[in-house]
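For reference, the structure discussed in these notes is given below.
Excluded from the calculations below are hydrogen atoms, water molecules and symmetry mates; all remaining heavy atoms, backbone and side chain alike, are included. Note that the numbering runs from 1 along the sequence shown for the chain.
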Amino acid sequence: MKRGNRALVLVAIAFFCYILFSHRTSPTEVELAEDPAGDTTGLPSHVHRPPGQTVDSKINTTLCQYNECLKGRWAPREPQFKTLEDFQDVFAKRGASIWSTCEVGDPPAGVKWTSAEEERLKQKRLVDIMNWVWQPDHGEWLPWDPLDFVVRLLKTPGGIVFMGDSLSQGHEHAFGSYLQEGGIVFQMKETDSAIRSHILEKGHPVTLELQRRAGVPDSRMDHPIFSVVEEHILIHQEDLRYITELNGATKGWEWHLDSLKRADDWEGFFRRLTKSRPGEETSVTRDTIIVLNTGAHWSRGTMYMLPEIDSLEKERETLTNVYTAMVKIMIRKLSQYPRLTVFYRATNTGHPSCHRYNKPSKDAAEAHREAARYLELSDASASNEVDRKVRRRWDWDYLNVLSQVWKTEIEHQEWLRRTMKLRNQSGGVGMRWLYVDVYEMSLQRPDAHAVPGKDCLHWCLPAVYSEWSRHLYHILYLEMEQEY
């Protein structure tokens, strides 16, 4: 080949390589371009980063992602708590709740406990329950860091809100104590008997440090970092009457739900918590978060205004129709708040005859095999035929079916949000919805309920709730460090 032709070929090859590779940008470069400040972690300097995470990577590839984290098993804590004092040194040293016992139910037939013996058994049960931690099958959770959690909550106008029934209230209670163990000090403000908020104690050294790290003005410190709204069925009385009467309930049926907690002004509460405030435009830039749930009271036992017919399948079909109508009402109501991210927590199941268990299921497969024995175990706990019918109408074996209604609707809402965002490339279109699938994780803890043989639905505190809280921190980190 002549020298001139060779030169032309080399120039052509060089130009082709430039076109092919010059516009390929590394993920790190893209992320830095999206974040002019160049802060690629959002973590305060004291946080111990998981293996593989560096200052230059927004997302650690070893971290599990969302519901992937909730596929796994309960593994023995390392190191084990050997005494109550060992446990309290981690979970009950600074908090307002000094956890010391879990109820043990009634003694076996023919056995009597002294008061001292019963107290020791209660203490031992708490330690035994807390000696298990959740282990995802793939990836790992971000190490728990309550200070970083609160820094992130300060970047939202209203922090995080737990809304639902007594299971949500238990979670909020354990969550607050978990923050206190990290040295965080807050004061409770009660809006009414069903709505309570927690605001950082002004002037406290830890509060001042959290505010500095979050970079928020004094006005943000007047508002909650977390709240609870005890609204057991979520919708208002007139909405419940409307959807049940559409599905066969007698018109004007007698109201029998006064024992359920109601928060009549929760909509006004959310308007205040999601409102943008002057002077916070550049620092309080994230959405208020709601952790939402309702399920345990949506049973044939509670909703007995619905027609009782001689067909389990048809009764549950009616129940599902009513529940679906409630979900659509709630989605419509919550969608009026543009600065709100919704985490819907799947309803955990109850475990009939929970007194039979003294450790977690070996894995999800074993837990599902036990769940398949629901009717057998439920009937075994009944004292007579009437009690047997009552227990069956709790519908604990149907709670996850109702949770799937939320999952389907949330997938639709997320599809709409992504579609709108594609049409509007400026981004920021539509509120964020996430389905938090703790069902299988909870299904594997038949041993951790509040009172063996008596309350096999609620959890002994802090138990399972502490792991739910760890997961909330994990997904909040993912949400703030990834763009959607």
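- Under the 6.0 Å cut-off for aromatic ring centres, Phe91 and Tyr178 qualify, their centroids lying closer than that.
- Scanning for side chain to side chain donor-acceptor pair (under 3.5 Å) contacts around His474 gives an empty result, with sequence neighbours left out.
- Remark: Asp86 engages Thr83 in a side chain to side chain donor-acceptor pair (under 3.5 Å) (not counting sequence neighbours).
- In this structure, Arg417 fails the cation-pi test against Trp433, since its NZ or CZ atom is not both closer than 6.0 Å to the six-membered ring centre and inside 45 degrees of the ring normal.
- The stretch residues 185-209 participates, sequence neighbours left out, in these salt bridge (charged side-chain N to carboxylate O under 4.0 Å, His left out) pairs: Arg196-Glu230, Lys202-Asp222, Glu209-Arg212, Glu209-Arg213.
- Judged purely by atom type and a 3.5 angstrom limit, Arg220 uses its side chain to pair as donor or acceptor with the backbone of Thr156.
- With sequence neighbours left out, Asn67 forms a side chain to side chain donor-acceptor pair (under 3.5 Å) with no residue at all.
- Lys93 is linked by a side chain to side chain donor-acceptor pair (under 3.5 Å) to Asp89, counting only residues two or more places apart in sequence or in another chain.
- Among Arg316, Arg391, Arg300, Arg392, the one residue that satisfies the salt bridge (Lys or Arg N to Asp or Glu O under 4.0 Å) test with Asp397 is Arg316.
- Considering Trp99, Trp459, Tyr465 as possible partners of His173, the one that fulfils the ring-ring contact (aromatic ring centres under 6.0 Å, His included) test is Trp99.
- With sequence neighbours excluded, the residues forming a side-chain contact (heavy atoms from CB on, under 4.5 Å) with Glu411 are Lys407, listed by chain and number.
- Between the side chains of His171 and Ser469, at least one donor N or O lies within less than 3.5 Å of an accepting N or O.
- Taking the six-membered ring for Trp and thresholds of 30 and 60 degrees, Phe226 and Phe175 have ring planes more than 60 degrees apart, a perpendicular arrangement.
- Under 4.0 Å is where a charged nitrogen must lie from a carboxylate oxygen, and between Lys122 and Glu103 at least one such pair does.
- Using a cut-off of 4.0 Å between Lys/Arg side-chain N and Asp/Glu carboxylate O, Glu481 and Arg152 are scored as salt-bridged.
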